[in-house]
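Let me begin by presenting the structure, written as structure tokens, before commenting on it.
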Amino acid sequence: MSMLTPPDLGGKYRIKGDRYPRMRRPRRRGRLIAATFASVLAVAVLGWGTLQLVHIFSDPDPVEAAGHPTGPAKCASPAASGNAAATGGKNAALGNRKTDTDGGKAEAGEAEGGKAEKDGKRTAAQNAAGRELPRPGDITVNVLNATSRNGLAKDTADELKKRGFKIGKIGNASAEFDEKVEKAGILIGAPGSSTSDRLQVLGTQLENTETRYDERDGKDVDLILGKGFEHLAKKKAATAALAELAGSPHPGKSSSASPATC
């Protein structure tokens with residue numbers, strides 16, 4: 001009898017050998033494998049379903065993405081195909097005939113457009129070359145002093161007279177402008193294109209000026225001398241500015257005068 005067998009125990013309960021008997025159930029490997037496989041399959045199915053949901057909610061409608069329905073295409077009958085081909089041939093012939101007609105009209109339009117462009121260029125050149133400005137002798141200037149310098153209006157008027165301008169009034173500016181003109185001068189005249197031309201011609205004689213218009217009778221223009229005035233432009237520079245003004249195709253623009261205000 002083995003030493004592991006209790007003294008009063010024998011028979012079929014007799015323990016032989018030197019090891020204790022197993023007291024647990026034998027392992028069933030088949031159940032463990034089946035449970036593991038089922039778990040892996042469930043996880044795979046769940047992941048596949050999640051990907052399908054993400055694809056559905058993130059991608060556009062396959063019909064819109066492709067630009068045409070995804071259903072099966074309908075096949076046309078042989079008779080319908082023949083009618084469509086005949087209609088297409090007629091339309092093509094009419095289209096070619098219309099294209100030829102439109103092409104002839106387009107060529108005629110291009111010829112007329114080229115002629116109009118040449119005429120426009122010729123007219124612009126004539127206007128630029130034939131623009132007539134008033135001569136200094138046709139402009140009467142009232143020279144007014146808005147500064148505290150004595151004799152400024154008289155000296156300026158004498159110089160303008162030497163350059164061919166007619167001189168009107170000479171004196172001090174009104175209280176509206178006295179000691180309030182920061183630029184070299186303000187040119188004032190009645191509204192109208194003819195007055196604008198006279199003011200531009202006068203504006204070639206000095207720089208840093210401002211042009212204004214007021215309601216007045218007559219063609220006289222005012223030159224109000226301000227704090228920024230030192231002297232008239234040199235005669236050579238003034239003559240060049242006058243020549244440039246005469247050749248400008250845009251009346252109303254002067255290189256020395258600021259934009260006009262009313």
Side-chain angles (χ1 to χ4, degrees), residues 123-262:
T123 302
Q126 291 175 353
N127 291 338
R131 184 186 176 194
E132 295 184 1
L133 292 173
R135 295 173 298 178
D138 299 331
I139 304 174
T140 301
V141 184
N142 300 321
V143 184
L144 306 175
N145 185 8
T147 70
S148 59
R149 289 180 283 175
N150 295 327
L152 182 62
K154 186 179 184 307
D155 294 341
T156 305
D158 292 341
E159 183 62 28
L160 287 174
K161 188 175 181 179
K162 293 179 182 178
R163 299 187 181 187
F165 290 89
K166 289 184 179 180
I167 304 300
K169 299 178 182 178
I170 300 176
N172 295 326
S174 61
E176 178 184 0
F177 301 101
D178 190 25
E179 297 290 341
K180 299 177 183 178
V181 180
E182 299 296 333
K183 292 187 176 183
I186 298 179
L187 312 178
I188 305 177
S193 59
S194 59
T195 302
S196 176
D197 289 343
R198 287 194 293 271
L199 292 177
Q200 288 183 72
V201 173
L202 178 59
T204 60
Q205 306 301 311
L206 67 163
E207 298 179 352
N208 191 23
T209 62
E210 177 184 351
T211 301
R212 296 184 184 181
Y213 299 98
D214 60 5
E215 297 297 333
R216 62 172 63 192
D217 297 329
K219 298 181 180 180
D220 294 0
V221 295
D222 294 347
L223 169 59
I224 301 178
L225 302 175
K227 298 177 182 179
F229 179 81
E230 296 181 359
H231 52 76
L232 294 175
K234 294 183 178 180
K235 191 172 182 179
K236 185 177 181 180
T239 303
L242 186 59
E244 181 181 358
L245 180 63
S248 173
H250 303 285
K253 291 188 177 181
S254 175
S255 59
S256 59
S258 301
T261 56
C262 295

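Sequence positions, counted from 1, serve as the residue numbers for this chain. The figures here come from the full heavy-atom set of this structure, side chains too, leaving out hydrogens, waters and symmetry mates. Just so we're clear, the structure is a prediction, and the values are computed from it rather than from any experiment.
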Exercise. Please walk me through it: do Ile167 and Thr140 pass side chain to side chain contact (heavy atoms under 4.5 Å, CB included)?
Worked result: CA-CA 5 Å; Ile167 304 300; Thr140 301; over 6 Å; no
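- Within the model, atoms CD1 of Ile170 and CG of Leu152 stand 11.5 Å from one another, a figure rounded to the nearest 0.5 Å.
- Residue pairs meeting the side chain to side chain donor-acceptor pair (under 3.5 Å) criterion with at least one member in residues 143-152, sequence neighbours excluded: Asn145-Thr147.
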Exercise. What's the verdict on side chain to side chain contact (heavy atoms under 4.5 Å, CB included) for Val201 and Ile139, showing C-alpha distance, side-chain angles and the deciding distance?
Worked result: CA-CA 9 Å; Val201 173; Ile139 304 174; 3.7 Å; yes
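- Closest heavy-atom contact between Val143 and Ala153: CG1-O, 3.4 Å.
- Using a cut-off of 4.0 Å between Lys/Arg side-chain N and Asp/Glu carboxylate O, Lys180 and Glu176 are scored as not salt-bridged.
- Taking both residues in full, the closest heavy atoms of Gly218 and Ala190 are given as O-CB, 4.4 Å, listed atom of the first, atom of the second, then distance.
- Using a cutoff of 4.0 Å between basic side-chain nitrogens and carboxylate oxygens, Glu210 and Arg212 are scored as salt-bridged.
- Checking Thr195, Ile188, Ile186, Leu199 one by one against Thr211, the side chain to side chain contact (heavy atoms under 4.5 Å, CB included) holds for a single residue, Leu199.
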Solution key, residues 222-236 side-chain donor-acceptor pairs under 3.5 Å, sequence neighbours excluded:
| unit_1 | atom_1 | unit_2 | atom_2 | d |
| --- | --- | --- | --- | --- |
| Asp222 | OD1 | Asn142 | ND2 | 2.9 |
| Asp222 | OD1 | Arg216 | NH1 | 3.3 |
| Asp222 | OD2 | Arg216 | NH1 | 3.4 |
| Asp222 | OD2 | Arg216 | NH2 | 2.8 |
| Lys227 | NZ | Glu179 | O | 3.3 |

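- In this structure, Lys169 has no salt bridge (Lys or Arg N to Asp or Glu O under 4.0 Å) partners at least two apart in sequence or on a different chain.
- Between Arg198 and Asp138 the shortest heavy-atom distance is CD-O, 4.4 Å.
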Problem set entry | Intermediate values then yes/no, side chain to side chain contact (heavy atoms under 4.5 Å, CB included), Leu144 and Phe177 | CA-CA 10 Å; Leu144 306 175; Phe177 301 101; over 6 Å; no
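- Side-chain atoms of Asp220 and Val141, non-hydrogen and from C-beta on, never get closer than 4.5 Å to each other.
- Counting only heavy atoms from C-beta outward, the side chains of Thr209 and Lys183 never approach each other to under 4.5 Å.
- Here the straight-line distance linking atom CZ of Arg135 with atom NZ of Lys166 works out to 9.5 Å at 0.5 Å rounding.
- Separation of atoms OG1 (Thr156) and CZ (Phe165) is listed at 12.5 Å; rounding is to 0.5 Å.
- Taking CG of Leu187 as the reference point, atom OG of Ser196 lies at 10.5 Å (rounded to 0.5 Å).
- The residues Asp158 and Lys162 are annotated as not salt-bridged, no charged nitrogen and carboxylate oxygen being separated by less than 4.0 angstrom.
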